[in-house]
Peer 1: 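The structure under discussion is supplied below as structure tokens; questions concerning it will follow.
Each ligand, and each atom within it, is numbered from 1 in the order the structure gives. Every value quoted in this text rests on a predicted model; they were computed, and no experiment measured them.
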Amino acid sequence: MRVLLLTGKGGVGKTSMALATALGAAAHGHRTIVLSTDPAHSLGDALGHPVGAAPVEIAPNLMAQEIGVLAELDRAWSDVQEWLRALLRDDADDLMAEELLVFPGMEELVSLRAVREVEATEAYDVCVVDCAPTGATLRMLRFPDALRIFMENFFDLERRGARLLRPLLNRVSSGLIPKEEFFEAFERLYREVEDVRQILMDGDRTSARLVVNPARVVVEEARRSFAYLSLYGVATDAVVVNRELPDGARGGFFERWAERERREQADIEASFPIPILHAPLHRQEVRGLEALRELARQVYGDTDPAGVFTRSRPVRLHKEGGVPVLEIDLPNTSKEDIDLSTLGDELVIRVRDARRLVALPASLAGRTVAGTRFENGVLRIRFQ
Ligand SMILES: Nc1ncnc2c1ncn2[C@@H]1O[C@H](COP(=O)(O)OP(=O)(O)OP(=O)(O)O)[C@@H](O)[C@H]1O
Ligand SMILES: [Mg+2]
């Protein structure tokens, strides 16, 4: 199943573009579903009729579903959350605690599980995700790492008898011992999230598409998001520039806007070395199937939106003269923005305010970093 994540800053046109993309994919014969993981659902608004928590058919080959966070929230998990909150209350000062505090991100968790559930039905070839604005999408992508760190440090998955590790044992006296169901909920969750991680980090299956408008703040944010997506191992295969002034509207009152737009276009070309797709500003809101299909034609023409527009593996490990080298694409990033450290067998990579904990493969665990280099937007970490 192909997974397309339509993401971008608030209001740029993610929902419209997700629907247009899904309609295009369905028209090419793919069994398609469009999911909204934004808590402020708006698939229904854009379609002009309601979409609910259960999949509904909105066009031939096309289903739509708005994932309801509350509907998905199971009892076991809310217990776990409460327990975690209590646990983290006093010492939230170190990096580990910081990671764990990502936990209460319920929406992100629900979105991740939804993708997995859609895949498990085997009923679809394409799953288009109308993501929440970029910040939440990045939190979603960071979640599996946070969960993994938690599992590895607090639970011993292999030796079920001794699943509580030291940090927790210290709390036994304070009565914060979790019940058996907690462990089960956790283990289940962990495996589910791991499954989704495999899907999202596989560039043949998953592509992010960054929706932008030709406006300064939007492009700036997209430049950063492009690097963060890459840091989390998600390949972005296209940028969609939405709401461009149409030819007929570039003069008169809009002359200055058109001029500014040209500058932004040049910046977009320079910042994103991937296919750039375009959609004009419509005369009115893009609402209803007809307008959305028109948008799909403008963006994709005859091209199948389900295709992989450019192949990349943002995070890769290879050998150079027998020495293992980890490479991470960090476009639009400068050396000063990057900070590297280790935490046990994890490599902690910070890029401005985003952070990724990369679990080193068994072959690298215990090896020390011999050197790092950042050149042409690629971070290279050589191991001993
Ligand atoms: N090319 C376009 N021309 C005219 N209007 C557009 C275009 N693209 C989107 N819109 C309109 O802009 C508004 C915002 O679009 P949309 O809801 O798709 O953005 P969004 O990124 O999903 O927003 P949010 O971050 O709030 O979820 C909607 O009213 C939509 O109809
Ligand atoms: Mg939206």
Peer 1: For a quick check under 3.5 Å, do His318 and Glu327 share a side-chain donor-acceptor pair by atom type?
Peer 2: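 Yes - a donor-acceptor pair under 3.5 Å links their side chains.
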
Peer 1: Where does Ala46 meet ligand 1, judged by heavy-atom distances below 4.0 Å: at the side chain, the backbone, both, or neither?
Peer 2: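 Neither part.
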
Peer 1: State, yes or no, whether a side-chain contact exists between Phe226 and Pro314 at a heavy-atom distance under 4.5 Å.
Peer 2: no

Peer 1: Looking just at side-chain N and O atoms, do Tyr228 and Arg356 make a donor-acceptor pair shorter than 3.5 Å?
Peer 2: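 No, because no side-chain N or O of Tyr228 sits under 3.5 Å from a partner of the opposite role on Arg356.
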
Peer 1: Under 4.0 angstrom from ligand 1, any heavy atom of Gly8?
Peer 2: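 No; Gly8 lies far enough from ligand 1 that no heavy-atom distance drops under 4.0 Å.
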
Peer 1: Within the 4.0 Å heavy-atom shell around Gln284, which atoms of ligand 1 are there?
Peer 2: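 Every atom of ligand 1 under 4.0 Å from some heavy atom of Gln284: 4 (C), 5 (N).
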
Peer 1: Pair Ile274, Phe309 - check side-chain contact (heavy atoms from CB on, under 4.5 Å), show working.
Peer 2: CA-CA 8 Å; Ile274 53 178; Phe309 293 164; over 6 Å; no

Peer 1: Indicate whether any N or O donor in one side chain lies under 3.5 Å from an N or O acceptor in the other, for His28 and Asn61.
Peer 2: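 There is no such pair between these side chains.
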
Peer 1: I need the Arg373 CZ to Arg380 CZ distance, nearest 0.5 Å.
Peer 2: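 If I round to the nearest 0.5 Å, the distance is 5.0 Å.
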
Peer 1: Tell me, which protein residue and heavy-atom name are nearest atom 8 (N) of ligand 1, and how many Å apart are they?
Peer 2: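 Answer, as residue, atom name and distance: Asn242 ND2, 2.9 Å.
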
Peer 1: Looking at atom 24 (P) of ligand 1, what's its closest protein heavy atom, distance included?
Peer 2: Gly11 N, 3.5 Å

Peer 1: Check whether any N or O atom of Thr15, backbone or side chain, sits under 3.5 Å from an N or O atom of ligand 1, and answer yes or no.
Peer 2: yes

Peer 1: Does a side chain donor of either Arg224 or Thr333 reach within less than 3.5 Å of an acceptor in the other side chain?
Peer 2: no

Peer 1: Who's closest to atom 10 (N) of ligand 1 heavy-atom-wise, of Arg243, Arg287, His282, Glu285?
Peer 2: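 Among Arg243, Arg287, His282, Glu285, the closest heavy atom to atom 10 (N) of ligand 1 comes from Arg243.
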
Peer 1: Under 4.0 Å, heavy-atom basis, I'd like to know which part of Val211 is in contact with ligand 1: side chain, backbone, both or neither.
Peer 2: neither

Peer 1: My understanding is that we take every heavy atom of each candidate and find the minimum distance to atom 7 (C) of ligand 1. Doing that for Leu292, Val286, Val241, which one comes out nearest?
Peer 2: Val286

Peer 1: Around atom 20 (P) of ligand 1, find the nearest protein heavy atom and jot down its residue, atom name and distance.
Peer 2: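 So the nearest neighbour among protein heavy atoms is Lys14 N, 3.4 Å.
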
Peer 1: Report yes if some heavy atom in the side chain of Val240 is under 4.5 Å from a heavy atom in the side chain of Leu210; otherwise report no.
Peer 2: no

Peer 1: Side chain, backbone, both or neither: which part of Ala279 has a heavy atom under 4.0 Å from ligand 1?
Peer 2: neither

Peer 1: Shortest non-hydrogen contact from Glu119 to Ile199?
Peer 2: OE2-CD1, 3.1 Å

Peer 1: Looking at CZ of Arg313 and CE of Met201, how far apart are the two atoms once the value is rounded to the nearest 0.5 Å?
Peer 2: 13.0 Å

Peer 1: Under 2.8 Å from the Mg ion (ligand 2), is there an N/O/S atom belonging to Thr15?
Peer 2: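 True for Thr15.
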
Peer 1: Quick one: look up the protein heavy atom nearest atom 27 (O) of ligand 1 and list residue, atom name and how far away it is.
Peer 2: Asp38 OD2, 3.5 Å

Peer 1: Judging by distance only, is a nitrogen or oxygen of Gly13 under 3.5 angstrom from one on ligand 1?
Peer 2: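 Yes.
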
Peer 1: So if I count the atoms of ligand 1 from 1 in the order they appear, which ones are less than 4.0 Å from some heavy atom of Ser16?
Peer 2: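 Answer for ligand 1: 9 (C), 15 (O), 16 (P), 18 (O), 30 (C).
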
